[in-house]
S.K.: 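Pasting in a structure now, in structure tokens, and then I'll have a few things to ask.
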Amino acid sequence: MEKKLCEPCKEPIVDKLPPCPLMCKSPKCKAYMAPIDTSKKSIVWVLGGPGSGKGTQCDKIVAKYGFTHLSTGDLLRAEVKSGSERAKCLTAIMERGELVPNEIVLDLLKEAILARAEESKGFLIDGYPREKSQGIAFEENIAPVSVIIYFEASSETLTQRLLGRAASSGRADDNEETIKLRLKTFLDNNDLVLAQYPDKLRRINAERPVDEIFAEVQSILDPLVA
Ligand code: AP5
């Protein structure tokens, strides 16, 4: 009997689980199964400029909703600390305030999501996508996004917050020069990212007290978990 081949990996597809010997997880593959059933677990992208309060609000969301918080910045800093071969290169890119190549970011993100897919109540993806192509790659390789929360604040506010945090954060990129570069990278890409998702995008004015902002966040998330 002729064996059907998986188009991306060219391996035979077998009629049992796991369905493809290579489990290449390409959504183009007929054997592909998205790791997350988004009808049961929401995927929320949390976006905003550097210092817009993504991390601050994610902590509050985790406390109320029990979602799994994955910050691409934190994943990258952990990779840097691990001393892996690519750590030096990552440090240099992050200190220049530029974007790390997406193959690396998406790999880290995918690994972290897959490791928690079973038990997670939903995912908060903090700081991703930062480029139009990142959003496309995420939805092709992982799952469609449920809703996007975007924290909006002026460059002046963002700069002041990061400079205020610099004294205690210990982050190599919290200095005046790198903050300028991070802001530029953000401004160069942000409009294109947001323009891709007019129906899923929720903008929040982030120049208000933390709890006021969180009240608005809850009005977006409550219907998702109802
Ligand atoms: P990342 O770590 O994600 O940094 P960021 O986006 O610059 O954001 P921050 O974590 O600095 O700020 P935040 O928005 O979480 O604000 P926070 O709550 O801390 O990324 C670092 C680097 O990694 C990037 O530059 C890039 O090189 C790389 N990278 C990351 N993701 C990548 C990706 N997808 N692709 C490629 N490369 C990637 O708040 C900031 C301060 O403000 C705190 O002091 C806080 O207390 C205060 N604050 C918060 N809310 C309020 C409020 N409402 N009022 C007053 N103060 C407030």
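Every number for a ligand or one of its atoms is a count from 1 in the order of the listing. Just the heavy atoms: all of them, side chains too, but no hydrogens, waters or symmetry mates, feed the values below.
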S.K.: What pairs with Arg202 under side-chain hydrogen bond (donor to acceptor under 3.5 Å, both in side chains), at least two apart in sequence or on another chain?
M.R.: none
S.K.: Shortest non-hydrogen contact from Lys200 to Val147?
M.R.: O-CG2, 3.4 Å
S.K.: Answer yes or no: does an N/O atom from Thr56 fall short of 3.5 Å to an N/O atom of ligand 1?
M.R.: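 Thr56 vs ligand 1: N/O contact under 3.5 Å present.
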S.K.: For Gln57, is the nearest heavy atom under 4.0 Å from an atom of ligand 1?
M.R.: no
S.K.: Are any of the N/O atoms on Gly55, whether in the backbone or the side chain, positioned under 3.5 angstrom from an N/O atom of ligand 1?
M.R.: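 N/O-N/O distance below 3.5 Å exists for this pair.
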S.K.: Polar contacts were defined as any N/O atom of the residue lying under 3.5 Å from an N/O atom of the ligand; does this apply to Gly127 and ligand 1?
M.R.: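 Min N/O separation from ligand 1 is below 3.5 Å for Gly127.
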S.K.: Below 3.5 Å, N or O to N or O, backbone or side chain included: is there any such pair between Arg130 and ligand 1?
M.R.: yes
S.K.: Is there any N or O on Gln134 that sits under 3.5 Å from an N or O of ligand 1?
M.R.: yes
S.K.: Is the shortest side-chain N to carboxylate O distance from Asp74 to Arg77 below 4.0 Å?
M.R.: yes
S.K.: Take every heavy atom of Arg96, measure it against each atom of ligand 1, and state whether any distance is under 4.0 Å.
M.R.: no
S.K.: side-chain hydrogen bond (donor to acceptor under 3.5 Å, both in side chains) with Arg130: which residues, sequence neighbours excluded?
M.R.: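 If we apply the side-chain hydrogen bond (donor to acceptor under 3.5 Å, both in side chains) test to Arg130, skipping adjacent residues, there are no hits.
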S.K.: Is there at least one pair of N or O atoms, one from Asp173 and one from ligand 1, spaced under 3.5 Å apart?
M.R.: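 Such a contact does not occur with ligand 1.
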S.K.: I'd like to check whether Leu162 has a polar contact with ligand 1, where a contact means an N/O of the residue lying under 3.5 Å from an N/O of the ligand.
M.R.: no
S.K.: Any Lys/Arg nitrogen of Lys132 or Asp191 sitting under 4.0 Å from an Asp/Glu carboxylate oxygen of the other?
M.R.: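 Answer for the salt bridge query: no.
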S.K.: Contact between ligand 1 and Gly49 is defined here as a heavy atom of the residue under 4.0 Å from a ligand atom; is it met?
M.R.: yes
S.K.: Mind checking whether Ser52 has a heavy atom under 4.0 Å from ligand 1?
M.R.: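 The answer is yes: ligand 1 sits under 4.0 Å from a heavy atom of Ser52.
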S.K.: Would Lys60 and Phe214 count as a cation-pi pair here, with the cationic atom under 6.0 angstrom from the ring centre and within 45° of the axis?
M.R.: yes
S.K.: Can you tell me if Arg171 contacts ligand 1 (heavy atom of the residue under 4.0 Å from the ligand)?
M.R.: yes
S.K.: Below 6.0 angstrom between ring centroids: does that apply to Tyr197 and Trp45?
M.R.: yes
